[in-house]
Amino acid sequence: PLFQSFLRRRLRNELGKTGVATEHKRIAEYFLDHGVWEQAVRHLLAAEDFDRAAAVVGARGGEWISSGALNSLATLANLLPDAVIASNPRILAHRAEVARLRGEYDLAQQLLKRATSLLQGAGDIDGEADALHSLATLARREGDYQLAFKYLDRALELTNDRSVRVKCGNTKGLCLVGIGEWTAAEMEFRSALQLAQESNDQRYIRLITHNLGLPAMMRGDFGEALRWLRRMLRDEQSAIPQEATAYLNMARCHLYLGNLDECEKHLGQAIERCQLFNLVAATADGLEAYGNLFREKGEFEKANEFYQRASRKFDEAGVN
């Protein structure tokens, strides 16, 4: 590190600020040509080429989210000037999606409302539809299914973009689960899954196959639910934040089946994913499930401890 610091000082002395910026841009071009977006953006930021950096984050932010690179996306987005972000409102939508996945719902709501307005003003119909879908997921989380359906219907009216329609179908299915429409939810999930398979959207194929287990879970058919839920967890694929939810739902099934050791094992894996991706609300859900587990074991002091920890996490996440 000392030698590296020495070389960089020497380079700045020899080339000057403009020359160093030119080198950063040259290196950024190399990474852009090879699809290494994060490294490219870091060099563009070092060169103070904020417009180009913003264009890359706006265009490629969805890929970072899909791969679980939430911290990198949030860090880079926060380094961009506000004026540049206002000209590239998809960055706001990506930053909001990171906040939503982490369970920072108030922040996500603020960012999404601003992003939706800016995207509408810019005439970015697909971006606006995607932001409306994210608002629908927040409304679903709050139990306001009527508002969620309103956002989803508007998003579907705006765009024929297949990826957005897959997302909307999946979220609509989750809303139908929430209001007890199991058969309609299953049909919605299957329709969304077909679209995802036609697009070879591996992330949403994993999410929707997991969600197909929810109607069975809510009906009490836990064996069938587990067969669907575990399909999200494929060893050959990279970890994604939603795996925390899959492990948590599998733990719940094992709890209801009386398989307490399996329940505890899956809860541990859920909490590991929560820590990996800094998921505050999902951590609270996991801690509450731990409380339920120890309650069933008759270890009431431990159960009480986990319920209190869960309560503090829910407060931290802004969840009532």
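Positions are given from 1 along the sequence.
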Closest approach of Glu224 and Arg227, non-hydrogen atoms and distance?
OE1-NH2, 2.9 Å
Specify the closest pair of heavy atoms between Ile91 and Ala54, including all atoms of both residues, with the distance to one decimal.
CD1-O, 3.4 Å
Return the minimal non-hydrogen interatomic distance between Ala225 and Cys253, and the atom names on each side.
CB-SG, 4.0 Å
Using the rule that two of Ile, Leu, Val, Met, Phe, Trp, Tyr join whenever any of their side-chain heavy atoms come within less than 4.5 Å, decide whether Ile125 and Leu132 are in one cluster.
yes
If two hydrophobic side chains count as joined below 4.5 Å and joins carry through other members, does Leu156 share a cluster with Leu138?
no
Nearest heavy-atom contact between Leu112 and Ala131 is CD2-O, 3.9 Å
Would you indicate whether the side-chain heavy atoms of Glu186 and Thr183 approach each other to under 4.5 Å?
no
Crowding at NZ, Lys113 (>12 non-hydrogen neighbours, <6.0 Å)
no
Donor-acceptor pair, Ser5 side chain versus Pro1 backbone, under 3.5 Å?
no
When clusters are formed by joining ILVMFWY residues with side-chain heavy atoms under 4.5 Å apart, either directly or through shared neighbours, do Val36 and Leu76 land in the same one?
no
Quick one: do Leu119 and Leu92 end up in the same hydrophobic cluster if we chain Ile, Leu, Val, Met, Phe, Trp and Tyr together by side-chain heavy atoms under 4.5 Å apart?
no
May I have all residue pairs that pass salt bridge (charged side-chain N to carboxylate O under 4.0 Å, His left out) and include part of residues 19-44, sequence neighbours excluded?
Glu23-Arg26, Glu29-Arg52, Glu38-Arg42
Once you measure the plane-to-plane angle for His266 and Tyr247, does it fall in the parallel (<30°), tilted (30-60°) or perpendicular (>60°) bin?
tilted
Mark yes when over 12 heavy atoms from residues, nucleotides or ligands other than Glu301 sit less than 6.0 Å from its CD; otherwise mark no.
no
Classify the ring geometry between His43 and His24 as parallel (under 30°), tilted (30 to 60°) or perpendicular (over 60°).
tilted
Taking the side chain as every heavy atom from C-beta outward, state whether Gln269 and Glu243 have any atom pair closer than 4.5 Å.
no
Is Lys313 paired with Glu288 through a side-chain N to carboxylate O contact shorter than 4.0 Å?
no
Around atom CD of Gln197, are there more than 12 heavy atoms from other residues, nucleotides or ligands closer than 6.0 Å?
yes
In terms of relative ring orientation, are Phe3 and Phe6 parallel, tilted or perpendicular, with 30° and 60° separating the classes?
parallel
Please report the shortest heavy-atom distance between Glu264 and Tyr290, naming the atom on each side.
O-OH, 3.9 Å
Start with the C-alpha distance between Arg10 and Asn13, add both sets of side-chain angles, then the distance that settles side-chain hydrogen bond (donor to acceptor under 3.5 Å, both in side chains), and finish with yes or no.
CA-CA 5 Å; Arg10 182 167 178 172; Asn13 289 336; over 6 Å; no
Counting only heavy atoms not in Glu198, do more than 12 fall under 6.0 Å of its CD?
yes
Sequence neighbours left out, cut at 3.5 Å: what donor-acceptor pairs do the side chains of residues 278-285 make with other protein atoms?
residue : atom : partner : partner atom : Å
Thr283  : OG1  : Leu279  : O            : 2.5

Is there a path from Tyr204 to Val98 through hydrophobic residues (I, L, V, M, F, W, Y) whose side chains come within less than 4.5 Å of each other?
no
Nearest atoms (heavy-atom pairs only) where Gly173 meets Phe189
C-CZ, 3.4 Å
Scan residues 78-93 for pairs that pass side chain to side chain donor-acceptor pair (under 3.5 Å), counting only residues two or more places apart or in two chains.
Asn78-Arg95, Arg90-Asp124
When you compare the side chain of Asn292 with that of Arg295, does any pair of heavy atoms fall below 4.5 Å?
yes
For Arg102 and Phe277: C-alpha separation, side-chain torsions, deciding distance, then whether side-chain contact (heavy atoms from CB on, under 4.5 Å) applies.
CA-CA 7 Å; Arg102 286 175 169 175; Phe277 295 107; over 6 Å; no
